[in-house]
Every structure is written in C-alpha cells, then in structure tokens.
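One structure is given here, and the rest of the page talks about it.
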Amino acid sequence: EDVSSLPGRPPVVTIMGHVDHGKTTLLDWLRKSSIAAQEHGGITQHIGAFVVKMSSGKAITFLDTPGHAAFLSMRQRGANVTDIVVLVVAADDSVMPQTIEALKHATAAKVPLIVAINKIDKEDARVDQVKADLSRHGVEIEDFGGDVQVVCVSGKTGLGMDDLEENILTLSEILDVRAETDGMAEGWILESSVKQNGKAATVLVKRGTLRPGDFITAGKTWARIRALRNEAGVELSEAPPGTPVEILGWRELPDAGEQVLQSPDEAKAKTAVEYRLEMAEREESSVQLA
Ligand code: GTP
Ligand code: NA
Ligand code: MG
C-alpha cells in the first residue's frame, strides 16, 4: 500500500515497563501536568491516552499502560496501534518481569524501541547494570553496537527529559506515519467504563475521521456517536487518525481491544452486530457439540 501521498498523522508512542518504574511520571513530565500525583495510590487504573504538542509544534499521541491486556488482545488480531514503544526501566530495580513482557510486545509488533533508564537521580541507580541486563535479554542497545537508543532520565528532576523528547521526535520524523482521513473510519477500543454521563470508551482512531452522529460498531455492540472528548474532557468536532478520544453513545459497553468500524447507517451497524452475535452463538454451540 503506497501511503506516501496521504496526510501525516500523529505517531502513537506507548510507554511500557514494570510497575512503579515511572511510566506515568515520565508522561507527566512530557505533558507538564501532575497525573501521577493525583492517581489513587499512585497506581494507574486505566490507559491514559492523550495528544501532546511537543515544543517543536509536532503532535504526538502517548499511551500509558497499566497492564498489557488490551494490547495483547489487539496484537492477537494483528493490530499495531503503536508506532514506537518507550520502555521505562528503573535504574534502581533494573529488568523485571513486566519489562520482559513489554519487550516481547515490542518485538512481536516489530515496533522500534527507545529505552528510558529512569530514576537516575537515586543513590542506588545502577545504569551499567541495567544496560547489561537489557543486553542479556536481547536488546541491542547502542552502547554495545546495536541500534536501540538508551536515554538516562529522571522523571523526578527532569534530568535527560529533553534528550528523551528529542529521541522520540527524531524517530517520529524517520517513521513519517500517514493515514487516510476520508472513507469509513477504523480504530481500536483502548478502555471502556460506565461513567456518570453514560457508557464511555476511549477509541484510538487508526484511519478515517469520526464525528458526532457517526455510526460505529465494536464487537457485539454499536454506537451512534453522541460526543467525542479528549482526555481533558473537551468536546471535539472530529477525531482524525492518531487521535485518542472518549466516545459516548454506546448501546452496550464495548470491550477493550475490540476493533471499531464505522458503518454508513444505523441499519448496517445493527446488521453487523447481529451477524457477529450469531457467529459467536454458533461457535459456542459447536464447541458444546464437540
Ligand atoms: P504503574 O502505573 O503503577 O505501573 O507505575 P508507573 O510506572 O506509572 O510509575 P509512577 O510514575 O507511578 O512512579 C512510581 C513511583 O516512582 C512514584 O512514587 C514516583 O514519584 C517515583 N518516581 C518516578 N520517577 C522517578 C524518578 O525519576 N526518580 C525518583 N526518585 N522517583 C521517581
Ligand atoms: Na505507580
Ligand atoms: Mg502509571
């Protein structure tokens, strides 16, 4: 598929790493707010997804990952929602089980990796140990002749954060991601929950543009889009490719990891969902027979 003539879209950068290694703190620095401090108990309860206007003016979409369940589900369906993975490794803790898990994701998705060795402000930081451990786990870091960039940072003091931002921007420019903005839209459910104002799902638009009034399906449910909102709760008139948006208007709550497909009208959305329900029922009864 020749995409070189298509419009550019924000690259999607996913921050992965072991629990408490500082993913949210780093993201926080990048968007200069204080999400980590506000989070209940400091544990990320949902996938944060938002667009950051970098100092260069370029927009980059960042995804924070508390767990990797939705990503696993999307990957199993052959979807690569992310263009770049930033792997956060705490310098005082080094490579841990979820670090290895994140590495597996990045490798399987064939997505370029940037390693951020975080918490280098700490007295017990062991940067060389982390590099050796990463290397032992097959990460071809630049220090040992590979091409994976390693940036030493502190999300607490901001040390090295300019370099991290720079590396992300440089890699984004090399990747030069593009997508169709017209035609039937397509995307993925990153998270979903019942909120005060109804059933809400965060959707990452992959191609096409979603607008209020549009019909979309996601697995066994569908929506007539009542509202599109960004992470700050601001209502949007449209969501082009690379944009994460909260969507309201679902009949039932869709599952994280489901594919979102636009339908031309309500009847077609309903038919698509009915068909999927029927297929699922058939599969179930054939399993029971076997
Ligand atoms: P989960 O979402 O729970 O997996 O954690 P996380 O990876 O998002 O880590 P988070 O940003 O919540 O940070 C965990 C703890 O480490 C918090 O207490 C942070 O203040 C602290 N922390 C993060 N970055 C740094 C750093 O660079 N230096 C120091 N000293 N502490 C840090
Ligand atoms: Na945490
Ligand atoms: Mg977090």
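Just so you know, these numbers come straight off a predicted model, no measurement behind them. In this chain, residues are counted from 1 in sequence order. Order of listing sets the numbers, starting from 1, for every ligand and every atom in it. Note that these values count all heavy atoms, side chains included, but never hydrogens, waters or copies made by symmetry.
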Ligand 1 atoms in contact with Thr25 (distance to a heavy atom under 4.0 Å):
10 (P), 11 (O), 13 (O), 19 (C), 23 (C), 24 (N)
Would you name the heavy atoms of Val111 and Val85 that are closest together and state the gap between them?
CG1-N, 3.6 Å
Is ligand 1 under 4.0 Å from a heavy atom in the side chain of His21, in the backbone, in both, or in neither?
backbone
Minimal non-hydrogen separation, Val51 against Pro244, with atom names:
CG2-CD, 3.6 Å
If the cut-off is 4.0 Å to any non-hydrogen atom of Val19, which atoms of ligand 1 fall inside it?
3 (O), 4 (O)
Looking only at N/O atoms, are Lys122 and ligand 1 under 3.5 Å apart anywhere?
no
Would you say ligand 1 has an N or O under 3.5 Å from any N or O of Gly155?
yes
Hydrogens and angles aside, do Ser94 and Asp133 bring a side-chain donor and acceptor to less than 3.5 Å of each other?
yes
Donor on one side chain, acceptor on other, Arg9 and Thr181, under 3.5 Å
no
Ligand 1 to Ile120 polar contact by distance, N or O atoms, under 3.5 Å
no
CG (Leu134) and OG1 (Thr99) are apart, to the nearest 0.5 Å, by 8.0 Å
Counting only nitrogen or oxygen atoms and a 3.5 angstrom limit, does Ser154 reach ligand 1?
yes
From the candidates Ala90, Gly17, Gly22, Ala125, the one that places a heavy atom nearest atom 9 (O) of ligand 1:
Gly22
Check whether any N, O or S atom of Thr24 sits under 2.8 Å from the Mg ion (ligand 3).
yes
Asp93 and His21: side-chain donor and acceptor closer than 3.5 Å?
yes
Between CD on residue Glu191 and CD on residue Glu246, distance to nearest 0.5 Å:
7.5 Å
Ligand 1 contact on Asp20 by region, counting heavy-atom pairs under 4.0 Å
both
